[in-house]
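Reckoned from all heavy atoms, side chains included, excluding hydrogens, waters and symmetry mates. Just follow the structure's listing: the first ligand is 1, and inside any ligand the first atom is 1.
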Amino acid sequence: MSTSSADPAVATRGVWRGLLVEYADRMPIGADTPIVTLREGGTPLIHSEFLSELTGCDVHLKFDGVNPTGSFKDRGMTLAISKAKEAGAEAVICASTGNTSAAAAAYAAKAGLTAAVVVPKGRIALGKLAQAVIHGATVLQVDGNFDDALEVCRDLADRYPVELVNSVNPYRIDGQRTAAWEICDQLGRAPDLHLLPVGNAGNITAHWRGYREYHADGVIDALPVVHGFQAAGASPIVRGERVTSPSTIATAIRIGNPASWPHAVAAAEESGGSITAVSDRQILAAFRLSARHGVFAELASTAPIAGLLALHEQGRLPSGATVVCVLTGHGLKDPDWAVAGAGEPTTIPVDADRAARVLGLA
Ligand code: F0G
């Protein structure tokens, strides 16, 4: 017999209700705000034995790739789309390297809004493009990079009746603060070090804001040191100048002129951290290493693991520190890099003994 209708307490026990309900008291929403949710957030904080052993720290992976559309973007999109709907918007638009467009398309579809997404031509992972298409968004591709796409979208939103849902929309940042809160709630404290990838720099801005608010309210006693990592070929903040032709295999963070640049610098400086670059080779190694230990995150997501290993090699990790690496997107978004160089699986007849020989069991 089902207890779900008889006993609401049992029916809702342990059920995650989505960020706008779980963190309602910290969100800019009112009784009239329609809650557009896919039950995002509540993502696992996974202890990493192998990275802890390797570095002498206590390392945890915040796997935001298991959000409903496979990336952390859902955290901001639930709020941005809810507020767009509250304001009576009918259409939303965003520029994207892929994940924002996937989230915008999904949440707009849930809300019954029209979505258009502008992406750099030929530079977004197939899984992400598939998401935008299947959720019914109109996809436009520009002959240019993400920065060009964002310029088009900003101009469009200025002059036409369409709501911009990139992270220049403050509700996106407001929603993405929740990752920091969840980490503190899960650890029972703030980590000593908080590591994450940096692209358009919205997420580092949001996380630092989230930590500062928890600290100001006395929820945590201390703030983390924040280290952000850009891909070497797309590292404007590290170089201190705009990169006109950003280049990296980590297409999610292939950005040459981050919208939240000054906030990212402030987060690193105020926390005593840094923004540094990791090479594509380091990212690829971290991508494989992470997957070999059970967590399949997309390339850009593993930049903080590459960064952690670099900090370790440089002797810059305080021994025994509690470290969180935020893995921002799921590996299935872009399976090409996972199978690249793996070779064809061995074909066998329907014969267990043959399988055993191939497996070295016989
Ligand atoms: N990781 C992933 C998987 C991303 O998709 C992004 C950004 C980042 C990290 C960087 O976060 O921009 O807040 O610094 N993706 C954006 C997009 C640009 O369009 O999906 P950020």
Side-chain angles (χ1 to χ4, degrees), residues 43 62-67 69-77 80 93-106 117-120 123-125 127-129 131-132 137 139 142 145-150 153 164-169 172-173 175-177 179-180 195-210 226 228-231 234-237 246 248-261 263-265 267-268 275 278 283 286-287 290 296-307 325-334 337:
T43 59
K62 177 66 171 167
F63 193 20
D64 255 3
V66 299
N67 271 297
T69 77
S71 89
F72 72 97
K73 303 289 180 178
D74 297 349
R75 296 183 177 278
M77 209 53 79
I93 192 157
C94 67
S96 184
T97 56
N99 281 324
T100 301
S101 51
V117 304
V118 184
V119 300
R123 300 287 185 174
I124 86 165
K128 301 175 187 180
L129 186 62
Q131 288 178 285
V139 180
V142 285
N145 56 40
F146 169 84
D147 308 291
D148 302 317
L150 184 56
C153 289
L164 185 65
V165 292
N166 278 106
S167 59
V168 292
N169 176 327
R172 283 277 315 282
I173 303 287
Q176 287 172 207
R177 294 173 300 169
L195 277 52
L196 79 171
V198 174
N200 209 26
N203 218 23
I204 188 170
T205 302
H207 290 185
W208 180 235
R209 206 170 279 172
V226 176
F229 298 94
Q230 298 195 295
S235 54
I237 300 176
T248 169
I249 57 171
T251 53
I253 53 172
R254 189 174 166 273
I255 292 174
N257 186 25
S260 298
W261 187 326
H263 299 299
V265 171
I275 297 181
V278 284
I283 292 175
F287 169 74
S290 177
F296 186 24
E298 71 168 280
L299 277 170
S301 290
T302 59
I305 295 181
C325 294
V326 184
L327 306 189
T328 43
H330 203 287
L332 287 171
K333 294 265 189 180
D334 186 8
W337 279 104

**Student:** What protein heavy atom lies closest to atom 13 (O) of ligand 1? Include the residue and the distance to one decimal.
**Tutor:**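 For this ligand atom, the closest protein heavy atom is N203 N, 2.8 Å.
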**Student:** Heavy-atom distances under 4.0 Å decide this one: backbone, side chain, both or neither, for I255 against ligand 1?
**Tutor:**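 I255 to ligand 1: side-chain contact only, backbone stays beyond 4.0 Å.
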**Student:** Applying ring-ring contact (aromatic ring centres under 6.0 Å, His included), can you list everything that pairs with F63, at least two apart in sequence or on another chain?
**Tutor:**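 For F63, the residues satisfying ring-ring contact (aromatic ring centres under 6.0 Å, His included) (neighbours in sequence not counted) are H330.
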**Student:** Does this structure show an ion pair linking R75 with D64, if we count only N-O contacts that are shorter than 4.0 Å?
**Tutor:**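 So R75 pairs with D64 through a salt bridge.
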**Student:** For ligand 1, which atoms have a heavy atom of T100 less than 4.0 angstrom away?
**Tutor:**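 Answer for ligand 1: 16 (C), 17 (C), 19 (O), 20 (O).
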**Student:** Would you check, one step at a time, whether the test side-chain contact (heavy atoms from CB on, under 4.5 Å) holds for S71 with T328?
**Tutor:** CA-CA 6 Å; S71 89; T328 43; 5.9 Å; no
**Student:** Roughly how far, to the nearest 0.5 Å, is the CZ atom of R123 from the OG1 atom of T248?
**Tutor:**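 So the gap between those two atoms works out to 10.5 Å.
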**Student:** Which bit of I204 is near ligand 1, meaning a heavy atom under 4.0 Å away: side chain, backbone, both or neither?
**Tutor:**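 Neither part.
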**Student:** Quick one: does D147's side chain have a donor or acceptor within less than 3.5 Å of a partner on N257's backbone?
**Tutor:**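 Flag set: sc D147 to bb N257 pair under 3.5 Å.
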**Student:** Can you pull out the closest protein heavy atom to atom 12 (O) of ligand 1? Residue, atom name and distance to 0.1 Å, please.
**Tutor:**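 Of every protein heavy atom, N200 N, 2.7 Å lies nearest to atom 12 (O) of ligand 1.
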**Student:** Hey, does T328 come in under 3.5 Å of ligand 1, counting only N/O atoms on both sides?
**Tutor:**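 It does: an N or O of T328 is found under 3.5 Å from an N or O of ligand 1.
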**Student:** Look at atom 5 (O) of ligand 1 and find which of T251, N99, V119 reaches it with the closest heavy atom.
**Tutor:**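 Residue with the shortest heavy-atom distance to the ligand atom: N99.
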**Student:** To the nearest 0.5 Å, what is the distance between CZ (F296) and OG (S290)?
**Tutor:**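 If I round to the nearest 0.5 Å, the distance is 9.5 Å.
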**Student:** Identify which one of T69, N67, T43 satisfies the side-chain hydrogen bond (donor to acceptor under 3.5 Å, both in side chains) criterion when paired with D74.
**Tutor:**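 With D74 as partner, side-chain hydrogen bond (donor to acceptor under 3.5 Å, both in side chains) holds for just one option, T69.
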**Student:** By number and element, which atoms of ligand 1 are closer than 4.0 Å to a non-hydrogen atom of G202?
**Tutor:**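 It comes down to these atoms of ligand 1: 13 (O), 14 (O), 21 (P).
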**Student:** Side chain of S301, backbone of G329: donor and acceptor closer than 3.5 Å?
**Tutor:**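 Yes: the side chain of S301 pairs with the backbone of G329.
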**Student:** Just how far is it from atom CZ of F229 to atom CD1 of I275, taken to the nearest 0.5 Å?
**Tutor:**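 Nearest 0.5 Å value for the CZ-CD1 distance: 10.0 Å.
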**Student:** Give the atom numbers and elements of ligand 1 that come within less than 4.0 Å of a heavy atom of V198.
**Tutor:**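 Reading through ligand 1 atom by atom, the close ones are 14 (O).
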**Student:** Taking the non-hydrogen atoms of P197, is any one of them nearer than 4.0 angstrom to ligand 1?
**Tutor:**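 Under 4.0 Å: yes for P197.
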**Student:** Mind checking whether K73 has an N or O less than 3.5 Å away from an N or O of ligand 1?
**Tutor:**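 Yes, there is a polar N/O contact under 3.5 Å.
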**Student:** Atom 11 (O) of ligand 1: which protein heavy atom is closest, and how many Å away?
**Tutor:**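 Checked against all protein heavy atoms, atom 11 (O) of ligand 1 sits closest to F72 CZ, 3.5 Å.
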**Student:** Measuring from non-hydrogen atoms of A201 to any atom of ligand 1, is the shortest distance under 4.0 Å?
**Tutor:**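 It does; at least one heavy atom falls under 4.0 Å.
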**Student:** Looking at S96, which atoms of ligand 1 are within less than 4.0 Å of one of its heavy atoms?
**Tutor:**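 Per the distance check, 17 (C), 19 (O), 20 (O).
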**Student:** Return the closest protein heavy atom for atom 8 (C) of ligand 1 as residue, atom name and distance.
**Tutor:**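 Answer for atom 8 (C) of ligand 1: I253 CG2, 3.6 Å.
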**Student:** Is there a side-chain contact between L164 and I93, using heavy atoms and a 4.5 Å cut-off?
**Tutor:**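 The answer is yes, as the side chains (C-beta and beyond) meet within the 4.5 Å cut-off.
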